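Notes follow once the structure below has been shown.
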Number of protein chains: 2
Amino acid sequence: MRVSRTLDPMDEDFLRLDNQICFSLHAATRAFNGVYRGALKELGLTYPQYLVMLVLWEHGELPVKGIGERLRLDSGTLSPLLKRLEAAGYVERRRSAEDERSVTVRLTADGTALREKALGVPRRIAAATGLDLAELGELRERLHVLAARLDGVDPDDVAAACG
Amino acid sequence: MRVSRTLDPMDEDFLRLDNQICFSLHAATRAFNGVYRGALKELGLTYPQYLVMLVLWEHGELPVKGIGERLRLDSGTLSPLLKRLEAAGYVERRRSAEDERSVTVRLTADGTALREKALGVPRRIAAATGLDLAELGELRERLHVLAARLDGVDPDDVAAACG
DNA sequence: CGCGATTGAGTTGTGCACAACTTAATCGCG
DNA sequence: CGCGATTAAGTTGTGCACAACTCAATCGCG
């Protein structure tokens with residue numbers, strides 16, 4: 001009963017298009033990472049570390065779980081990353097008093113001060129894209145919708161249909 | 001002399017927008033990866049391995065360098081990845097006769113056969129995005145332009161302007 | 001209250017990305 | 001031809017993403 005699907009000549013086109021789309025996304029992300037890498041080197045931050053700092057600059061202080069919710073990252077990724085940010089002197093981690101399971105991450109003076117040096121980064125990145133603010137905003141919106149849609153997909157659905 | 005730049009109130013807006021854009025791109029890529037992960041599990045492939053297989057299904061046989069050029073990946077990434085694809089029985093690697101520096105990667109019978117099972121994947125992914133072919137094509141084009149633009153940027157330019 | 005279920009953080013193991021490096025083969029210029 | 005420069009692949013080391021797991025603290029229901 002699934003023969004009609006796997007023999008569909010459209011699938012050939014999909015495979016070709018897929019080649020281009022998934023590669024484009026992959027390549028765009030890595031290109032972005034590369035440009036950020038250059039911009040962030042002087043701050044001593046990697047790109048994911050910069051994301052965490054952005055969140056902390058906005059919220060001041062958050063539990064690890066709160067950072068993870070905002071960046072969709074789990075403790076397996078955040079724990080070592082935060083340990084490195086702490087070693088760099090940009091954040092402090094302290095066990096919460098109310099809930100001993102929770103760890104609160106707070107900016108140090110150095111971490112707060114780093115924001116001043118980071119202010120120039122986004123403008124430079126935006127310039128490198130060659131897009132104006134409106135176009136960047138639209139791209140952001142599209143990617144946001146796409147990510148939300150994909151995050152809502154049941155993995156088993158996709159797996160089941162591709163067996 | 002750079003005070004006039006770092007005090008520009010626009011930089012505050014850029015930092016906020018940047019927060020959203022770079023996060024959106026990051027999140028979209030990881031969401032895509034997640035959906036592919038589910039779809040590719042039954043094929044025994046990771047997403048980057050799938051990209052390599054797509055290239056090989058199209059070209060049949062390529063030197064490592066040729067794969068790297070098409071996917072913008074270096075030997076540090078490809079060598080171990082190809083070793084795993086070889087261990088899985090999907091490709092063969094053989095030292096080129098004409099140029100002993102080069103290694104030719106070729107599909108095995110299993111690797112070629114795997115394409116049939118992969119044909120159903122992209123359709124399923126496309127469905128998960130909720131976008132039609134035209135929209136996907138447009139997204140691909142935008143990302144392609146963006147990546148090309150960012151790849152062309154001199155890293156030192158960006159670094160210099162963010163000191 | 002007491003105990004099983006849940007939750008938050010961390011650890012371990014695998015794979016990818018990339019920088020910096022090594023090694024061996026080829027190229028090309030004098 | 002000979003030798004320094006370049007090139008292809010591979011290795012090493014760091015950091016991220018994620019799955020699967022541990023452990024301790026908290027929750028919540030009987």
Side-chain angles (χ1 to χ4, degrees), chain A residues 22-23 25-38 40-41 44-52 62-69 71-88 93-105 147 151 155 159, chain B residues 22-23 25-38 40-41 44-52 62-69 71-88 93-105 147 151 155 159:
Chain A
C22 66
F23 169 64
L25 188 64
H26 208 66
T29 298
R30 285 190 292 117
F32 244 99
N33 281 341
V35 174
Y36 271 103
R37 197 188 321 281
L40 296 174
K41 189 149 56 179
L45 294 176
T46 65
Y47 181 64
Q49 286 167 10
Y50 173 66
L51 292 178
V52 170
L62 279 173
V64 173
K65 181 177 167 46
I67 299 173
E69 280 167 355
L71 299 180
R72 304 281 181 285
L73 292 172
D74 66 10
S75 68
T77 300
L78 284 175
S79 286
L81 188 157
L82 290 170
K83 210 179 291 185
R84 282 185 285 270
L85 280 181
E86 187 172 42
R93 293 183 303 157
R94 200 148 26 98
R95 217 90 217 177
S96 163
E98 310 92 65
D99 186 342
E100 291 270 332
R101 290 171 305 181
S102 178
V103 166
T104 301
V105 181
D151 275 334
Chain B
C22 65
F23 170 64
L25 188 65
H26 207 66
T29 298
R30 284 188 293 119
F32 244 99
N33 281 341
V35 174
Y36 270 103
R37 197 189 320 280
L40 295 174
K41 189 149 57 180
L45 294 177
T46 65
Y47 181 63
Q49 286 167 10
Y50 173 67
L51 292 178
V52 170
L62 280 173
V64 173
K65 179 178 167 48
I67 299 173
E69 280 166 355
L71 299 180
R72 304 276 181 289
L73 292 172
D74 66 10
S75 68
T77 300
L78 285 175
S79 286
L81 189 157
L82 290 170
K83 211 179 289 185
R84 282 186 283 271
L85 280 181
E86 187 172 43
R93 292 184 303 158
R94 201 149 24 99
R95 216 89 217 179
S96 163
E98 312 92 64
D99 186 343
E100 292 269 333
R101 290 171 305 179
S102 178
V103 167
T104 301
V105 181
D151 275 334

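Bear in mind that the values here come from a model prediction, so they are computed numbers and not experimental data. A, B, ... follow the sequence lines: proteins, then strands. Residue 1 opens every chain.
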Starting at [atom1] of [X] and ending at [atom2] of [N], how long is that distance when rounded to a whole Å?
X        : N       : atom1 : atom2 : result
Leu82(B) : dA8(D)  : CG    : P     : 16 Å
Phe32(B) : dC18(D) : CZ    : C1'   : 19 Å
Leu85(B) : dG15(C) : CG    : C1'   : 12 Å
Gln49(B) : dT14(C) : CD    : C1'   : 11 Å
Arg94(A) : dA9(C)  : CZ    : P     : 15 Å
Glu86(B) : dA9(D)  : CD    : P     : 14 Å
Leu71(A) : dA17(D) : CG    : P     : 9 Å
Tyr36(A) : dA17(C) : OH    : C1'   : 18 Å

Is there a side-chain contact between [X] and the phosphate of [N], meaning an N or O under 4.0 Å from OP1 or OP2?
X        : N       : answer
Arg93(A) : dA9(C)  : no
Ser79(B) : dT11(D) : no
Thr46(B) : dT14(C) : no
Lys83(B) : dT14(C) : no

Partner lookup for dC3(C), please. Criteria are Watson-Crick or G-U wobble with both distances under 3.5 angstrom; report none if nothing qualifies.
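Looking at the geometry, dC3(C) pairs with dG28(D).
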Pairs under 3.5 angstrom only: tabulate donor-acceptor contacts from the side chains of residues 76-83 of chain A to other protein residues two or more places apart or in another chain.
from, atom 1, to, atom 2, distance (Å)
Thr77(A), OG1, Asp74(A), OD1, 3.4
Ser79(A), OG, Ser75(A), O, 3.1

Over 60° means perpendicular and under 30° means parallel, so classify the ring planes of Tyr36(A) and Tyr50(A), tilted if in between.
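It falls in the tilted class, 30° to 60°.
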Run the side-chain hydrogen bond (donor to acceptor under 3.5 Å, both in side chains) test against [X] and tell me which residues pass, sequence neighbours left out.
X         : result
Thr29(A)  : Thr29(B)
Glu69(B)  : Lys65(B)
Arg101(B) : Asp99(B)

Nearest to the Arg95(A) side chain among dA9(D), dA17(C), dA9(C), which nucleotide is it?
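Ranking dA9(D), dA17(C), dA9(C) by closest atom to the Arg95(A) side chain puts dA9(C) first.
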Residues in side-chain contact (heavy atoms from CB on, under 4.5 Å) with Glu86(B), at least two apart?
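Testing Glu86(B) for side-chain contact (heavy atoms from CB on, under 4.5 Å), a comparison that skips the adjacent residues, returns Val91(B), Arg93(B).
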Anything under 3.5 Å between a protein N or O and an N or O of nucleotides 19-27 of chain D, put it in a table, one pair a line.
from, atom 1, to, atom 2, distance (Å)
dT26(D), OP1, Glu100(A), N, 3.1

Given the side-chain rings of Phe32(A) and His26(B), with only the six-membered ring counted for Trp, is the space between their centroids under 6.0 Å?
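Between Phe32(A) and His26(B), the centre distance exceeds or equals 6.0 Å.
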Contact class for Leu78(A) vs. all strands (heavy atom < 4.0 Å): base, sugar-phosphate, or nothing?
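Answer is nothing: Leu78(A) stays at 4.0 Å or more from every strand.
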On DNA chain C, nearest-nucleotide positions of Lys65(A) versus His26(A): which is more 5'?
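Closest to the 5' end, via its nearest nucleotide, is Lys65(A).
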